[in-house]
There are 2 protein chains.
Amino acid sequence: MPQTASATTAKKPSRIQVRNRRKILDAALDVFSQHGFRGATLDQIAEAAGLSKPNVLYYFDGKEAIHVELLNALMAEWLAPLAEMNPQGEPLDELMAYIARKIEMSHTYPRESRLFANEIIQGAPRIGPHLDQRLKPLFDEKCALIQNWMDTGRLAVMHPGHLIFSIWAITQHYADFDAQVQVLMPGTEAAQNSAREHVERMFRTLLTV
Amino acid sequence: MPQTASATTAKKPSRIQVRNRRKILDAALDVFSQHGFRGATLDQIAEAAGLSKPNVLYYFDGKEAIHVELLNALMAEWLAPLAEMNPQGEPLDELMAYIARKIEMSHTYPRESRLFANEIIQGAPRIGPHLDQRLKPLFDEKCALIQNWMDTGRLAVMHPGHLIFSIWAITQHYADFDAQVQVLMPGTEAAQNSAREHVERMFRTLLTV
DNA sequence: TCGTGGCTTGACCAAATGGTAAAAAACATC
DNA sequence: GATGTTTTTTACCATTTGGTCAAGCCACGA
């Protein structure tokens, strides 16, 4: 059996293991992000991965284990941009850089965005603790930082928490509601660019003192 | 059999029919909005409605029929506020009134918001045509209206389509991502009010010439 | 070349799921 | 209270689903 990523029993995984686990996770990202956890089936994941169902279960302990692994990987990447906001930097530049990265991520990783959206919409049954323990402290820290920037007159004053919510809401909207966006504003690259420009201009206007 | 809302064969439904159909739709809204279409089960819906599964199927032709009926009812209510934006009114007032109504609806009908979000995230497989035929014309019309307002200098200039997307994204965020909001900003009524104030102030700032 | 251990598969299983048929119960109307 | 109609339930069914198991395959080092 392949070592199931136990911290203690950690032998280096074979090339086949790396390849197949990657294939499974990629396929599962497709399926979970489109149908949610309960709506996704192992058969779909197996077929999308080009493996048999028992073979999928050879690499992961079950449907939930795949989902958990995806969410864990997601959270790490998802939090990084926020964490990188630098207290020493120029406030407006830092926030605009964060927004730009968020937009880019939603564009580059729409499946991850939808996976997260699905999980939250369903009440965060599997990622709840993660939110509490990892996201909350970071959120609070960055709220305090932004509040400080505002207090010292270097940013327009508003509620930092709701500001962050607004950034998340708008940037993720283009990934999560892509089906709607495509209907209402057809056209691929031009629309994408105009979206980026709109969002950046909007927050720059809002945040500039 | 109860008449399945056929336009031609329309006898008035009995009181029991009205009551039970309502119960089923309410229960289904709970279940669908939480798990998505594929993740929801008839047993869950039946139990939530306090009826047996065959009894549920006595009132609706199947799982999909319930879902379709919910989405149809949803679209009608969902589009109303946008449709009510009055070309003769004062531009800023009209837009702010629309935003206020959107916020209120997200607060009052979070299940509907999540039902819609689930459907769109999954690629709008069942509501796609509806979007094309009903939402798109309305969206285009209101975009033109807003564009006109901006052209005549009565609103700050920006892309009308993306403006609407921003409004939708932010207002629905508080309903769809409630699980996350509750973790990051605990507290019920105060948070709700501060959210409303933040969003309204934000768009007012943005739209004022 | 031959084991040997990691990898893969076909066959299978129990539970869940969407749905059906027909009888029983409840109801309305005369 | 008899009678026809609507509503509800009991007992099913076929398929799907998450998961198991033992046997077979295959790569690779000795």
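In what follows, every chain begins at residue 1, and chains take the letters A, B, ... in the order their sequences are listed.
A:Arg19 comes within contact range of no nucleotide atom at all, as no heavy-atom separation falls under 4.0 Å.
Across residues 40-56 of chain B, B:Ser52, B:Pro54, B:Asn55 each have a non-hydrogen atom less than 4.0 Å from an atom of DNA chain D (numbered order).
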Could you tabulate the donor-acceptor pairs under 3.5 Å formed by side-chain atoms of residues 133-140 of chain B, not counting sequence neighbours?
residue, atom, partner, partner atom, Å
B:Lys136, NZ, B:Asp140, OD2, 2.9

Side-chain donor-acceptor contacts of residues 28-37 of chain A below 3.5 Å, not counting sequence neighbours, with atom names and distances?
residue, atom, partner, partner atom, Å
A:Asp30, OD1, A:Arg111, NH1, 2.8
A:Ser33, OG, A:Leu29, O, 2.7
A:Ser33, OG, A:Asp30, O, 3.1
A:His35, NE2, A:Gln44, NE2, 3.4

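As rounded to whole Å, 18 Å separates atom P of D:dT17 from atom CD of A:Glu64. In this entry the distance linking NZ of B:Lys63 with P of C:dT20 reads 14 Å, nearest Å. Taking atom CG of B:Leu57 as the reference point, atom P of D:dC13 lies 18 Å away to the nearest angstrom. Following rounding to the nearest Å, B:Phe60 (CZ) and C:dG19 (C1') show an atom-to-atom distance of 16 Å.
Scored by the side chain to side chain donor-acceptor pair (under 3.5 Å) test, B:Asn118 finds no partners at all (sequence neighbours excluded). Taking the salt bridge (Lys or Arg N to Asp or Glu O under 4.0 Å) definition, one finds that A:Lys23 meets it with nothing, sequence neighbours left out. Legend: residues meeting salt bridge (Lys or Arg N to Asp or Glu O under 4.0 Å) with A:Arg101, ordered by chain and number and at least two apart, are A:Glu84.
For the OP1/OP2 pair of C:dT8 and a distance below 4.0 Å, the side-chain nitrogens and oxygens of A:Asn20 include at least one atom meeting the criterion. Neither OP1 nor OP2 of C:dT8 sits under 4.0 Å from any side-chain N or O of A:Tyr58. Contact annotation: A:Tyr59 side-chain N/O to C:dC7 OP1/OP2 distance is not under 4.0 Å. At least one side-chain nitrogen or oxygen of B:Gln17 sits closer than 4.0 Å to the OP1 or OP2 atom of D:dT7. Distances shorter than 4.0 Å separate none of the side-chain N or O atoms of A:Arg38 from OP1 or OP2 on D:dT16.
Classification of the A:Phe165-A:Trp168 ring pair by plane angle, with boundaries at 30° and 60°, yields tilted.
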